[in-house]
Amino acid sequence: MVLHSRVNPSSLSTIMAIIAEVQARELTLTMISLDPGMVKEAANLAALAFLDSPFYRWIFSQSNVEEVVSSLRWLFERNFASYAEKGAGVCAFNGGEMVSFFALLEGKDSTLSLWDMMKLGFYAMPFAVGFGPTVRMLRVKGWVEERLEKIMQDHGIRKDTWTLQRMVVKPGWQGKGLGTRCLAHMIEGTSARSHGVILTTQEEANVRFYERLGFEVVDDEVFERGGQLRSWTMWRRPEVE
């Protein structure tokens, strides 16, 4: 695998626009900062990848598959527009095909303010995805953010810690090591390495994936309103220079 980075230095401010070569399985990947023209493609990729996520299955429990994909696409398009604005999204391409996406946010950019949500059009969410899913989504969002704040306080995790969100690899490309290579390359090449990175996941298989990248579980909690849904919070400690 050869990784070519084309990441806007004004977005991930500490990364050099360099080319890094990592040999594995004869793949050539180009990593590019998410721009507005890529948002729809990235949102579609994420919608398909998160279709079986336990939290989203609960949020959209009354919807059929087509409705869930459409709703997730709507949500992610707005969410990813914010990533593009902040310069936080990273896309990996093999040729002209987007095969992976994730967002790596500096501490100050890790959550959406009420103004951000209004500006991005989230006020229309009950009409776009339904009232019930909107209520359940806000319950999950509130619970996750409250838990994360407490965990960071309990473990002395600084507010300038970076956050990893929406890590996805396109179905059919999973198991080839490209997600590991891309994410490791970005963490090592930005100040995320010295500030540390935190994330949440609801998939136990993802816990093992992130452990291989140096993350450790700092919380394993159950969201009881969703019928005993587990959520893991993981932290990659900052490295001292």
Side-chain angles (χ1 to χ4, degrees), residues 1-22 27-51 53 56 66-106 108-113 115-125 127-129 137 162-174 176 178-187 189-192 199:
M1 180 186 297
V2 182
L3 299 181
H4 299 282
S5 295
R6 284 193 283 151
V7 180
N8 185 349
S10 67
S11 57
L12 293 169
S13 57
T14 57
I15 191 168
M16 299 293 289
I18 61 173
I19 295 177
E21 295 189 354
V22 182
L27 291 176
T28 300
L29 299 178
T30 302
M31 295 170 62
I32 306 174
S33 292
L34 177 71
D35 67 38
M38 301 175 189
V39 165
K40 286 186 179 294
E41 184 177 1
N44 187 61
L45 170 60
L48 295 174
F50 280 101
L51 186 59
S53 167
Y56 288 123
E66 291 76 14
E67 291 171 337
V68 176
V69 171
S70 178
S71 296
L72 288 177
R73 190 182 295 121
W74 187 92
L75 288 167
F76 291 150
E77 282 181 10
R78 282 144 187 83
N79 192 192
F80 292 8
S82 173
Y83 293 155
E85 185 177 302
K86 296 174 180 177
V90 180
C91 308
F93 288 85
N94 179 259
E97 182 180 6
M98 187 184 295
V99 295
S100 182
F101 172 83
F102 58 90
L104 196 55
L105 298 105
E106 298 183 48
K108 60 183 175 61
D109 295 328
S110 60
T111 59
L112 289 174
S113 67
W115 169 244
D116 288 332
M117 294 181 72
M118 293 292 289
K119 184 173 63 173
L120 292 166
F122 279 102
Y123 60 84
M125 186 174 172
F127 306 101
V129 306
M137 176 76 73
W162 288 40
T163 303
L164 175 66
Q165 297 180 1
R166 308 299 184 206
M167 176 74 207
V168 295
V169 175
K170 188 173 185 177
W173 288 84
Q174 297 166 355
K176 300 179 184 295
L178 64 90
T180 300
R181 295 289 187 178
C182 291
L183 183 54
H185 176 62
M186 289 305 300
I187 291 176
T190 67
S191 60
L199 64 88

Pair Cys182-Leu29, side-chain contact (heavy atoms from CB on, under 4.5 Å): steps then yes or no: CA-CA 9 Å; Cys182 291; Leu29 299 178; 3.8 Å; yes

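- The two residues Tyr56 and Leu72 come nearest to each other via the heavy atoms CD2-CD2, 3.6 Å.
- Distance check: Glu41 CD to Glu97 CD gives 8.5 Å after rounding to the nearest 0.5 Å.
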Can Phe102 and Arg166 be said to form a side-chain contact (heavy atoms from CB on, under 4.5 Å), step by step? CA-CA 5 Å; Phe102 58 90; Arg166 308 299 184 206; 5.9 Å; no

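- Expressed to the nearest 0.5 Å, how far CD of Gln174 lies from OG of Ser100 amounts to 9.5 Å.
- Scanning all heavy atoms of the two residues, the minimum distance from Arg78 to Gly121 falls at NE-O, 4.3 Å.
- Once rounded to the nearest 0.5 Å, the distance linking CE of Met117 with CE of Met125 reads 7.5 Å.
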Could you please spell out the steps behind the side-chain contact (heavy atoms from CB on, under 4.5 Å) verdict for Leu164 and Leu183? CA-CA 9 Å; Leu164 175 66; Leu183 183 54; 3.6 Å; yes

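- A distance of 8.0 Å separates CZ in Phe80 from CG in Leu45, rounded to the nearest 0.5 Å.
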Test Leu75 against Met137 for side-chain contact (heavy atoms from CB on, under 4.5 Å), laying out the working first. CA-CA 11 Å; Leu75 288 167; Met137 176 76 73; 3.2 Å; yes

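- The minimum heavy-atom distance between Met38 and Met98, with the atom names listed, is O-CE, 4.1 Å.
- Between atom CD of residue Glu85 and atom CG of residue Leu34 there is a gap of 11.5 Å, rounded to the nearest 0.5 Å.
- Residues Val169 and Gly179 come closest through the heavy atom pair CG2-CA, 4.0 Å.
- Atoms CD and CG, from Glu77 and Asn44 in turn, are 8.5 Å apart once rounded to the nearest 0.5 Å.
- Heavy atoms only, all atoms of each residue included: Ala47 and Arg73 are closest at CB-N, 3.8 Å.
- Results of the ring-ring contact (aromatic ring centres under 6.0 Å, His included) test with Phe76 over Tyr83, Phe50, Phe101, Phe122 single out Phe50 as the only residue that passes.
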